[in-house]
Amino acid sequence: MVCLLVARTLFNQSFIVPVGHTGRLRDDKMLYGFGTSVPNGVLTLLADCYASTCQGDCYSITCPRRIHQFSKRPQSWIETVDERLLDTLSDAEKTRQNAIHEIIATEQEFVQDLYNTIQLFVNPLLSEQILEPHRRQEFVESVFSNVAELHKVNQQLSSLLLERQRESQVVRQVGDIFLQIAPLFGPYIEYGKKQVFAKSIVDEERSRNPEFVKFLDSRQRLQELRKLTLETFLTKPSTRLGRYGPLLSAVLKKTPDNHPDKENIPKALTIIDQVLQKINVEVGKESDRLTIHQLDQKLVATDEERAELGLRNPFRKVIRKGPVLMKKGAQDVEVEVYLFDHCLAIFRKKDGQYKLVKKPIPLELLETQQDKTQLKSVSSEDLHRANSTGNQPPLQRTGVVKSYTMSSLNTFTVFVVHLGRQGTTHMLSTRSEAERLSWVQAVEKQKAQIVAEKSKFEQVTIVSNIFPINNKVNSSTVYKTWAILGTDTGLFLGLPSDQGSILYKSFAKFMDIPTVSQVEILEKYHMLLVLSAGTLFYFSLSDFDPIKKMDAKNGRKVSSGVSFFKQGTSRDMNLIAVVKSSTIETKVKVFEPFEGKHQSKSLFSINTPTVPLRLFKEFYIPSPSSSIHFLKARLCVGCTRGFQLVDLESLTTQDLLDVEDPLLEFVVKRDAVNPISIFRISESNFLICYNEYGFFIDKAGKRSRPDALIQWSGSPTSFSYVPPYIIAVDPQFIEIRNVDTLELVQVIQGLKLRSIRENEMVMDTQRHFQHVFRLGFKRQST
């Protein structure tokens, strides 16, 4: 039986192989023979000791030399004290002295371990041919950090404790010594910080350097190191600092009142706890760095994906990571999800490498939905609008809703939605409700932190919960202290509010006129212009009375078939451009308003009473148009052909962009993009906004910032510029970017968002009303 036991053990280690045999073997049917390798070791079940070279420092419970080990262990305090002295002490004091003795004895052992670390690891690595000469210093500093400083501090602590112990067999106090030394524990912060990377560096060196492996093996055979590994000695300082709390607390527990230690030990523990807290903070940062560094090395990604992840950003953080299940077709595939401080990324891990499943999701554009019915209730293109969130009062969310349990798989599902033009929805599942909730809370908490840190604007409510969604608000303007809103059923007048959170306290209809798409006040000319159902009307403000309604019949028709109009200044003239756009062409008539009422053949409308608008210019563009902008001496028309400049003197047209500029090929040669807005950023720099991207040109139409291209996260339908921020309004969300850095600084989610005026927006609420607001700079909290 013994032989078979030995044979099977050797066979399991591939030292022997089974061979054929025709005879009968008792208790077994296999015959074994040696292979090419010869075993060298000890079968512990048949021997007294694990190793034939044992010198007495052994783990085997049957080792006959272990008695020698026990004899070398330090005695307890009670074993070192005369019994007559013990009889004079209370049980509490005996326990207290034992605790003090343990502190002193273990401190001696710790200081010796630090000394051995320096003498038996650090010094040989610096002097012997284990590492390449040019790498030695850097390697030792990276792995062992400031261990020499720790040794100096703790040697001082140990010396003071031993000196105190020599003064009397009953140690009066130790709190004063720790209170003196604890402020010197600062080097532990640097050491703890460096240890996060130390193990990774040691493992990497072990995998590539055979001489280093031999060196570590030789160290383990040294009696002074007690067969402990290098990693054990590296972790001892951090462990020791954490042990002071329990050790000193054991002393404090048995310390009588009015004793000096009763005051000094808590003070010392407070200092030590502060050091430990700082270590935890630094270790957390370094742990993030290590995790990110390892991910960066194993990542297979494009340059664009790497840029979006920003793994080499020194301030990058990992908030949470872990495996989850992702629905792919009919299967659940395990993926690795990383929640960074700025985005959420989903990876597939294969052969030790990480590859992105989809583009990283900026947290500003991420939405979590835990109820499957939310996804069934909306179409795919409107999916992102469901369960909208933001910092607006009507759409605030708690961040946690009822989960949808997939009982067949015993998993808990959360839908991760990437809002925007290139967005998608991921169905992720966790193994427990607690894990699902933890993920959702981590995401929502980090999103809230980003909003608090990065947000530049806050919403200023104009009106909310007054206009139902079946009376669509389309436009707005201001006259003196009143707000005027144009809706599908007419014009409404808002009275100023004395509440700080809402600008206008109530709205009342003051004109019955259908489908108002635009309204504009030209106070200098006492003029109210209203675009109703495609017809532009003029009203005199002399008829305005905030108490009673204005009669729509008093309006004078300026033009019919109007798509939109725009008021602005060019050539130092106040002008109004009236645009009629069809599927194939655009006709633009430019009028100059004037003061007073008198007959004029130059008036556009020949009906009486007269309209104070003088036709200034009229031109034609052979393509449909969607916007018009007033420049210093020209008009800029946004049409399917791009931005067209129109000289108001000669009426000649030309492209705004220099088509010969090779840096503009990406837009010049594309027909599917929609030009929307142009903004003057500086005297010679303009921001050009299309529905897909924004870029900068100079006065000559050439690209002025070749490396600056804003890829909009959504598909904006309108823009506003509040220096230095560009505000892009998509039906799902508002994205706000800094035009200098191009950074996305804020996202405000909403439902059916649309602009009604420069920097004024409206969106639907979940209560089936409309929320009208403007964006103002965020007030600094005091």
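All figures in this text were calculated on a predicted structure; none of them were measured in a lab. Note that the numbering runs from 1 along the sequence shown for the chain.
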Kindly compute the distance separating CZ (Phe643) from CD1 (Ile676), expressed to the nearest 0.5 Å.
8.0 Å
Answer yes or no: does atom NZ of Lys278 have more than 12 heavy-atom neighbours from other residues, nucleotides or ligands under 6.0 Å?
no
Tell me, which pairs form a salt bridge (charged side-chain N to carboxylate O under 4.0 Å, His left out) where one or both residues lie in residues 195-207, sequence neighbours left out?
Arg135-Glu205, Lys199-Asp203, Asp203-Arg206, Glu205-Arg208, Arg206-Glu231
Using modelled atom types only, decide if a donor and an acceptor are shared between the side chain of Arg774 and the backbone of Arg757 within a distance under 3.5 Å.
no
Okay, side chain of Arg705, backbone of Ala708: is any donor-acceptor separation there less than 3.5 Å?
no
Provide the closest heavy-atom pair for Pro323 versus Glu435 in the form atom of the first, atom of the second, distance.
O-OE2, 3.8 Å
Do the side chains of Arg737 and Glu743 get close enough for a salt bridge, i.e. N-O under 4.0 angstrom?
no
Output for pair (Trp712 CH2, Ile726 CD1), nearest 0.5 Å, gives 5.5 Å
Report the C-alpha separation of Val673 and Tyr690 in whole Å, then their side-chain angles, then the decisive distance to 0.1 Å, and conclude whether the side chain to side chain contact (heavy atoms under 4.5 Å, CB included) test is met.
CA-CA 7 Å; Val673 288; Tyr690 284 73; 3.7 Å; yes
Lys327/Asp332 salt bridge by N-O under 4.0 Å criterion
yes
Checking Thr489 against Asn471: is there a side-chain donor and acceptor pair closer than 3.5 Å?
yes
Under a 3.5 Å distance rule, please check whether Asp661 uses its side chain to pair with a backbone N or O of Arg703 as donor and acceptor.
yes
Could you tell me whether Phe686 and Phe679 have their ring centroids closer than 6.0 angstrom?
no
Quick one about Thr229 and Thr232 (side-chain donor to acceptor, distance below 3.5 Å, no hydrogens or angles considered), yes or no?
yes
Do the side chain of Asn691 and the main chain of Pro716 share a donor and acceptor less than 3.5 angstrom apart?
no
Is there side-chain contact between Lys321 and Glu336, with at least one heavy-atom pair below 4.5 Å?
no
Applying ring-ring contact (aromatic ring centres under 6.0 Å, His included) to Tyr191 and not counting sequence neighbours gives none
Please lay out, stage by stage, how Phe347 and Val335 fare under the test side chain to side chain contact (heavy atoms under 4.5 Å, CB included).
CA-CA 6 Å; Phe347 299 94; Val335 295; over 6 Å; no
With salt bridge (Lys or Arg N to Asp or Glu O under 4.0 Å) as the criterion, how do Glu304 and Lys359 come out once you've worked through the C-alpha distance, each side chain's angles and the decisive distance to 0.1 Å?
CA-CA 10 Å; Glu304 181 182 356; Lys359 290 171 67 69; 3.5 Å; yes
Does a side-chain heavy-atom distance below 4.5 Å link Leu742 with Leu709?
no
Look up atom CZ in Arg348 and atom NZ in Lys355, then write down how far apart they are to the nearest 0.5 Å.
10.0 Å
Can Gln770 and Arg754 be counted as having a side-chain donor-acceptor contact under 3.5 angstrom?
yes
Any donor and acceptor pair, going by atom type alone, linking the side chain of Gln369 with main-chain N or O of Val416 inside 3.5 Å?
no
If you take all heavy atoms of Phe777 and Pro723, which pair is closest and at what distance?
CZ-O, 3.8 Å
Any Ile201 side-chain heavy atom under 4.5 Å of Phe139 side chain:
yes
Could you report the tightest heavy-atom contact between Ser715 and Pro731, atom names first, then the distance?
O-CD, 4.0 Å
Short question: side chain of Ser625, backbone of Cys639 - any donor-acceptor pair under 3.5 Å?
no
Contacts satisfying salt bridge (charged side-chain N to carboxylate O under 4.0 Å, His left out) that involve residues 686-698 (not counting sequence neighbours) are Arg670-Glu692
With distance as the sole test, does Gln746 use its side chain to make a donor-acceptor pair with the main-chain N or O of Val451 at under 3.5 Å?
no
For Glu138, look at atom CD and say whether over 12 heavy atoms of other residues, nucleotides or ligands are found less than 6.0 Å away.
no
Between atom CG of Leu365 and atom NE2 of His418, what is the distance when rounded to the nearest 0.5 Å?
5.0 Å
Just checking, is any N or O donor in the side chain of Glu444 or Gln446 under 3.5 Å from an acceptor N or O on the other one?
no
Quick one, Arg316 and His342 - any side-chain contact, counting heavy atoms below 4.5 Å?
yes
Does any donor atom in the side chain of His629 or Ser627 lie under 3.5 Å from an acceptor atom in the other side chain?
yes
Evaluate whether atom NZ of Lys445 has more than 12 neighbouring non-hydrogen atoms of other residues, nucleotides or ligands under 6.0 angstrom away.
no
A side-chain contact here means heavy atoms from C-beta on lying under 4.5 Å apart; do Val772 and Ile756 qualify?
yes
So, the side chain of Lys456 versus the backbone of Lys778: is there a donor-acceptor pair under 3.5 Å, distance only?
no
Would you say Lys454's side chain and Leu744's backbone share a donor-acceptor pair under 3.5 angstrom?
yes
Keeping Glu305 on the side-chain end and Thr302 on the backbone end, is there a donor-acceptor pair under 3.5 Å?
yes
Quick one: pull up CG in Leu299 and CD1 in Ile292 and give me the separation to the nearest 0.5 Å.
12.0 Å
In this structure, which one of Leu663, Leu664, Ile710 forms a side-chain contact (heavy atoms from CB on, under 4.5 Å) with Phe695?
Leu664
Without hydrogens or angle criteria, can the side chains of Asp655 and Gln644 be said to hold a donor-acceptor pair below 3.5 Å?
yes
Ion pair Asp658/Lys702, N-O distance below 4.0 Å
yes
So, are Glu190 and Lys194 salt-bridged, with charged N and O less than 4.0 Å apart?
yes
Cation-pi check for Phe412 against Arg436: NZ or CZ below 6.0 Å from the six-membered ring centre and within 45 degrees of the axis, yes or no?
no
Ion pair present between Arg306 and Asp296, side-chain N to carboxylate O less than 4.0 angstrom?
yes
Please walk me through it: do Ser704 and Asn685 pass side-chain hydrogen bond (donor to acceptor under 3.5 Å, both in side chains)?
CA-CA 7 Å; Ser704 59; Asn685 203 24; 2.6 Å; yes
Can you tell me if NZ on Lys317 sees more than 12 non-hydrogen neighbours from other groups inside 6.0 Å?
no
Nearest-0.5 Å distance, CG of residue Leu344 to CH2 of residue Trp439
6.5 Å
Could you tell me how the ring of His771 sits relative to the ring of Phe773: parallel (under 30°), tilted (30 to 60°) or perpendicular (over 60°)?
parallel
Would Ser476 and Glu760 count as a side-chain hydrogen bond (donor to acceptor under 3.5 Å, both in side chains) if you check the C-alpha gap in whole Å, the side-chain angles of each, and the deciding distance to 0.1 Å?
CA-CA 8 Å; Ser476 72; Glu760 287 188 7; 2.6 Å; yes
Between Ser563 and Ser581, do the side chains contain an N or O donor and an N or O acceptor separated by less than 3.5 Å?
no
Any side-chain heavy atom of Val516 sitting closer than 4.5 Å to one from Asp488?
no
